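Chain letters run A, B, ... following the sequence lines, proteins first and then strands; every chain starts at 1. Since this is a predicted model, take the numbers as computed values, not measurements.
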2 protein chains.
Amino acid sequence: MNTDARAEVGSERTEEIIEHLFALVDRLRAAFETTVAAFDLSPPQAKALRYLAHAGPVPMRELACGLHCDASNVTGIVDRLEQRGLVERRAAPTDRRVKSLVVTPTGEALAVEVWSRVADGALTFVGLTDDEQTTLLMLLRRLDHGPGAACWLSRDGSV
Amino acid sequence: MNTDARAEVGSERTEEIIEHLFALVDRLRAAFETTVAAFDLSPPQAKALRYLAHAGPVPMRELACGLHCDASNVTGIVDRLEQRGLVERRAAPTDRRVKSLVVTPTGEALAVEVWSRVADGALTFVGLTDDEQTTLLMLLRRLDHGPGAACWLSRDGSV
DNA sequence: TATTGTTATACTCTATAACTATA
DNA sequence: TATAGTTATAGAGTATAACAATA
């Protein structure tokens, strides 16, 4: 049927992949929301905490980009995280307009705990064998090079 | 490291899988919204149209279950689809309370077109070879047997 | 003049509660 | 009394526009 190594689009198999993928997405989101809610975090708050814990001190603007949302949203998200003592707004030395977001030790610890729970909560993968998980990871690495992964912050194309 | 065929939870690899999976989910949702918007459909409308095209005539209640949302939502979703002549509300013969949802020929054709575009729009998979797609599908089939796939409609446990 | 962060505002999706008509 | 569908309403998440401070 298909002698080429590269598969055609729109085949029955592609549709089945899409169907499974959408079902998986729904379950992942539901599990994620339940897990972070147990820590009294909204999904955007949990994602922000994770981003900051991984990316280190960054301006509000970069967090907005990392969360793929408008800059006006992060104000409220960071407000809540700051009220709980998980992150801090600090003045940036180079530009007095920007506020540098720093994760506190408390926030760091919570980020680790929350996201290990999220990973555990994805019980889905418990059913996969060691080899299957390795295979899945290899495929995901290849899938993650499409558009949408980058951050279109600058206007000169320098990423 | 891990001699058991079943992998432990919370490992570094599990976290990397989660990370890739979340990034993939974001890109899938963005591509999906863009694609269906080109047909002047909201994501819930597109999902409802697909469900009805696949499941045949069903009551509003079952559609709500299929969409994993409250029954009060489907009223507006079906309103819009009916205004465009894509689906019809018909009286059910057995119970005058229920309304049977039927997809019109126009709706059927649109459902096919929209969802083949959605599959195409997931350009992500174009980069996967034929063998890789087959492998992915096998994994997805295994992943799709977790909770959340069922419909908890009845009260006597009869599905 | 342009940019950072904020505020005000509106729109969408979703859930809860109250209502009707049937059963 | 319980259920199917509808309506009214509220909440969360996100986007646009206008603003103040700074570059």
Side-chain angles (χ1 to χ4, degrees), chain A residues 25-26 29-30 32-34 36-37 40-49 52 57-83 87-102 151-156 158, chain B residues 25-26 29-30 32-34 36-37 40-49 52 57-83 87-102 151-156 158:
Chain A
V25 165
D26 281 347
R29 185 179 49 198
F32 177 61
E33 287 182 13
T34 303
V36 300
D40 200 26
L41 290 171
S42 72
Q45 284 165 13
K47 288 179 183 173
L49 189 59
L52 293 176
V58 295
M60 302 281 285
R61 209 89 197 167
E62 183 175 330
L63 177 57
C65 180
L67 297 178
H68 301 299
C69 73
D70 191 82
S72 61
N73 295 317
V74 295
T75 298
I77 295 171
V78 172
D79 279 351
R80 176 75 177 131
L81 294 177
E82 194 170 30
Q83 283 166 15
V87 308
E88 285 177 12
R89 277 182 243 235
R90 293 188 187 164
T94 57
D95 188 332
R96 282 196 293 174
R97 291 174 304 179
V98 328
K99 296 172 182 173
S100 192
L101 299 173
V102 184
C151 177
W152 311 271
L153 234 192
S154 63
R155 47 248 169 249
D156 55 8
S158 64
Chain B
V25 164
D26 281 346
R29 185 179 50 198
F32 177 61
E33 287 183 11
T34 303
V36 301
D40 201 26
L41 290 171
S42 71
Q45 285 166 11
K47 287 180 183 173
L49 189 59
L52 294 175
V58 295
M60 301 281 285
R61 211 89 198 166
E62 184 175 329
L63 177 57
C65 180
L67 296 179
H68 301 300
C69 71
D70 190 81
S72 62
N73 294 316
V74 295
T75 297
I77 294 171
V78 172
D79 279 350
R80 176 77 175 130
L81 294 177
E82 195 170 29
Q83 284 167 14
V87 309
E88 284 177 12
R89 277 181 243 235
R90 292 186 188 166
T94 57
D95 189 332
R96 284 196 294 174
R97 290 175 303 179
V98 328
K99 294 171 182 173
S100 193
L101 299 173
V102 184
C151 177
W152 311 271
L153 234 191
S154 63
R155 48 252 169 245
D156 55 9
S158 64

Heavy-atom closest contact ([X] atom, [Y] atom, distance):
{"X": "V98(A)", "Y": "P59(A)", "value": "CB-CB, 4.5 Å"}
{"X": "S42(B)", "Y": "V36(B)", "value": "C-CG2, 4.2 Å"}
{"X": "Q45(B)", "Y": "L41(B)", "value": "OE1-CA, 3.5 Å"}
{"X": "M60(A)", "Y": "V74(A)", "value": "CE-CG2, 3.8 Å"}

Atom [atom1] of [X] to atom [atom2] of [N]: distance rounded to whole Å?
{"X": "N73(A)", "N": "dT9(C)", "atom1": "CG", "atom2": "P", "value": "17 Å"}
{"X": "L41(A)", "N": "dG13(D)", "atom1": "CG", "atom2": "P", "value": "11 Å"}
{"X": "E33(B)", "N": "dT14(D)", "atom1": "CD", "atom2": "P", "value": "11 Å"}
{"X": "R90(B)", "N": "dG5(D)", "atom1": "CZ", "atom2": "P", "value": "16 Å"}
{"X": "D79(B)", "N": "dA8(D)", "atom1": "CG", "atom2": "P", "value": "12 Å"}
{"X": "I77(B)", "N": "dT7(D)", "atom1": "CD1", "atom2": "C1'", "value": "15 Å"}
{"X": "R29(B)", "N": "dT14(D)", "atom1": "CZ", "atom2": "C1'", "value": "11 Å"}
{"X": "L101(B)", "N": "dT6(D)", "atom1": "CG", "atom2": "C1'", "value": "14 Å"}

From C-beta outward on D70(A), which listed nucleotide comes closest to its side chain: dG5(D), dA15(D), dG5(C)?
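Out of dG5(D), dA15(D), dG5(C), the nucleotide with an atom closest to D70(A)'s side chain is dA15(D).
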Interatomic distance, E82(B) atom CD to K99(B) atom NZ [nearest 0.5 angstrom]
8.5 Å
Within the pair [X] and [N], is there a side-chain N or O less than 4.0 Å away from OP1 or OP2?
{"X": "R61(B)", "N": "dA4(D)", "result": "yes"}
{"X": "R89(A)", "N": "dT6(C)", "result": "yes"}
{"X": "S42(B)", "N": "dT12(C)", "result": "no"}

Want to settle it: does A71(A) or R97(A) sit nearer the 5' end of DNA chain C, counting the closest nucleotide to each?
R97(A)
Hey, does S72(B) reach any base, or is it just sugar-phosphate, or nothing, if we go heavy atoms under 4.0 Å?
base
How is D95(A) classified with respect to the nucleic acid when contacts are heavy atoms under 4.0 Å: base, sugar-phosphate, or nothing?
sugar-phosphate
On a plain distance test, is the side chain of R96(A) in donor-acceptor contact with the base of dT22(D) below 3.5 Å?
no
Find which nucleotide of DNA chain D each of L67(A) and T75(B) is nearest to by heavy atoms, and output the residue with the more 5' nucleotide.
T75(B)
